[in-house]
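Structure first, then comments.
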Amino acid sequence: MDTAARAREIVVRLRALYPDPEPALVHSNAYELLVATVLAAQCTDARVNTVTPEFFRRWPDPASLARADVAQVEDVVHSTGFFRQKAKNLVAAAKLMAERHGGGVPDSMATLTTLPGVARKTANIVLSNALGKNEGIAVDTHVRRLAFRLGLTVSTNPIIIEKDMMLLLSQEDWGIVNHLLVLHGRAVCKARKPRCDFCVLGDICPRLGL
DNA sequence: ATCCCGAGGG
DNA sequence: CCCTCTGGAT
């Protein structure tokens, strides 16, 4: 089985294992998903979900966040780590959206990545989950680890991994593959003690001899 | 390559 | 104690 066939088979098996993969970050619109995804940098989604209810209540849209006191935002997002950067970036991004994007979330990779604190990973999450667009594949710590272990790439560079995976998968799967690999990365193919004995991909994983 | 940064697990 | 968690900017 060549690499592309293996990649497609991985998606098929993980779809069966995780029937209805949903974004674990609680949100109700593109703005909320953008905020939650920025906060998710080097932080568990579970922790992000503990701070976003208050965040969205106090700053329900880009306009209100643009007028927010950065110190108060720092206070709310403190427990997610990198809190100074995240608060500063979110308020600056909100000001850009309020002043230059009609108060809404930009709907293209090129424009989203002009926002401070937003690069390809965050933009891909917002585009595929809130805006219905598959412009690329979101490569986070889980996708990077699993893509490498599964032999879908020989690189550890997220940009190259994304390109490799885009060539291996059809565009309709670009959004879902992130959720599938994240779910499997959390439950089975964990960073520290991967449970290879439980893995449905064992027979097509280079790690187990292939 | 390094920095930003808190919290939980082993 | 060290590693990891849906990264991004310098």
Side-chain angles (χ1 to χ4, degrees), chain A residues 10-11 14 18 20-27 30 32-52 54-55 70-96 106 109-131 134-150 152-153 155-163 165-166 173-195:
Chain A
I10 287 165
V11 170
L14 293 184
Y18 311 106
D20 193 25
E22 298 170 10
L25 295 170
V26 176
H27 67 284
E32 292 189 357
L33 182 57
L34 177 62
V35 171
T37 307
V38 168
L39 293 179
Q42 301 295 283
C43 177
T44 61
D45 55 340
R47 175 149 300 280
V48 172
N49 290 337
T50 67
V51 311
T52 45
E54 184 184 356
F55 192 108
V70 175
Q72 292 185 26
V73 179
E74 286 183 359
D75 197 39
V76 171
V77 306
H78 183 274
S79 70
T80 66
F82 297 161
F83 63 93
R84 293 186 189 88
Q85 306 266 7
K86 289 174 180 176
K88 178 181 167 189
N89 284 338
L90 284 170
V91 172
K95 285 179 177 169
L96 271 180
M109 173 65 70
T111 314
L112 273 167
T113 52
T114 66
L115 301 177
V118 179
R120 290 194 63 88
K121 183 265 172 179
T122 299
N124 274 322
I125 292 291
V126 173
L127 285 169
S128 65
N129 292 291
L131 301 173
N134 282 337
E135 293 197 27
I137 296 173
V139 178
D140 51 54
T141 183
H142 293 295
V143 174
R144 182 178 60 182
R145 182 178 70 252
L146 268 69
F148 188 78
R149 286 182 179 172
L150 288 164
L152 303 182
T153 183
S155 175
T156 57
N157 179 330
I159 300 293
I160 297 178
I161 295 173
E162 181 180 0
K163 205 171 83 172
M165 294 180 69
M166 287 169 72
D173 287 337
W174 289 359
I176 199 76
V177 71
N178 169 273
H179 297 308
L180 294 174
L181 293 183
V182 168
L183 286 169
H184 200 58
R186 280 207 285 258
V188 179
C189 196
K190 300 186 289 184
R192 271 206 210 173
K193 277 171 53 187
R195 297 159 65 178

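Residue numbering restarts at 1 for every chain, and letters A, B, ... go by the order of the sequence lines.
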Could you state the atom-to-atom distance from CG of A/L112 to P of C/dG7 in whole Å? 17 Å
To the nearest angstrom, the CG-C1' distance between A/L25 and C/dC5 comes to 12 Å
Classify the angle between the aromatic ring planes of A/H184 and A/Y18 as parallel (below 30°), tilted (30 to 60°) or perpendicular (above 60°). perpendicular
Any side-chain heavy-atom pair of A/S155 and A/K163 under 4.5 Å: no
Describe the nucleic acid contact of A/R145 in one word from base, sugar-phosphate, nothing, applying a heavy-atom distance below 4.0 Å. sugar-phosphate
A/K88 NZ to C/dG8 C1', in whole Å, measures 12 Å
Between A/V143 and A/K121, is there a side-chain heavy-atom distance shorter than 4.5 Å? no
Give A/N89 one of three labels, base, sugar-phosphate or nothing, depending on what nucleic acid heavy atoms sit under 4.0 Å from its own. nothing
Footprint string (nucleotides 3-10 of chain B, 5' to 3'): B base within contact, S backbone only, - free, heavy atoms under 4.0 Å: -BBBSSBS
Would you mind classifying the nucleic acid contact of A/A138 as base, sugar-phosphate or nothing, using non-hydrogen atoms under 4.0 angstrom? nothing
When the C1' atoms of B/dC5 and C/dC5 are considered, how many whole Å apart are they? 12 Å
Identify whether any heavy atom of A/V139 sits under 4.0 Å from a base atom; if not, whether one sits that close to sugar-phosphate; answer base, sugar-phosphate or nothing. nothing
Student check: side-chain heavy atoms of A/L115 and A/V38 closer than 4.5 Å: no
Could you tell me the separation between the CG atom of A/L115 and the P atom of C/dG7, rounded to a whole number of Å? 18 Å
Think A/T122 has a side-chain N or O under 4.0 angstrom from the OP1 or OP2 of C/dG8? yes
Mind calculating the distance between CD1 (A/I176) and P (C/dT6) to the nearest angstrom? 17 Å
Using the P atom on both, measure B/dA7 against C/dA9 and round to a whole Å. 24 Å
Report the distance from atom CG of A/L146 to atom P of C/dC5, rounded to the nearest whole Å. 10 Å
How close or far is atom C1' of B/dA1 from atom CG of A/N157, stated in whole angstroms? 14 Å
Heavy-atom side-chain contact between A/I159 and A/R120 under 4.5 Å: yes
For A/R186 and C/dT4, what is the distance between atoms CZ and C1' respectively, to the nearest whole Å? 13 Å
Using atom types as modelled and distance alone, determine if a side-chain donor or acceptor of A/N124 lies under 3.5 Å from a backbone N or O of A/I137. yes
Find the distance between CE (A/M165) and CG (A/L181) and round it off to the nearest 0.5 Å. 5.0 Å
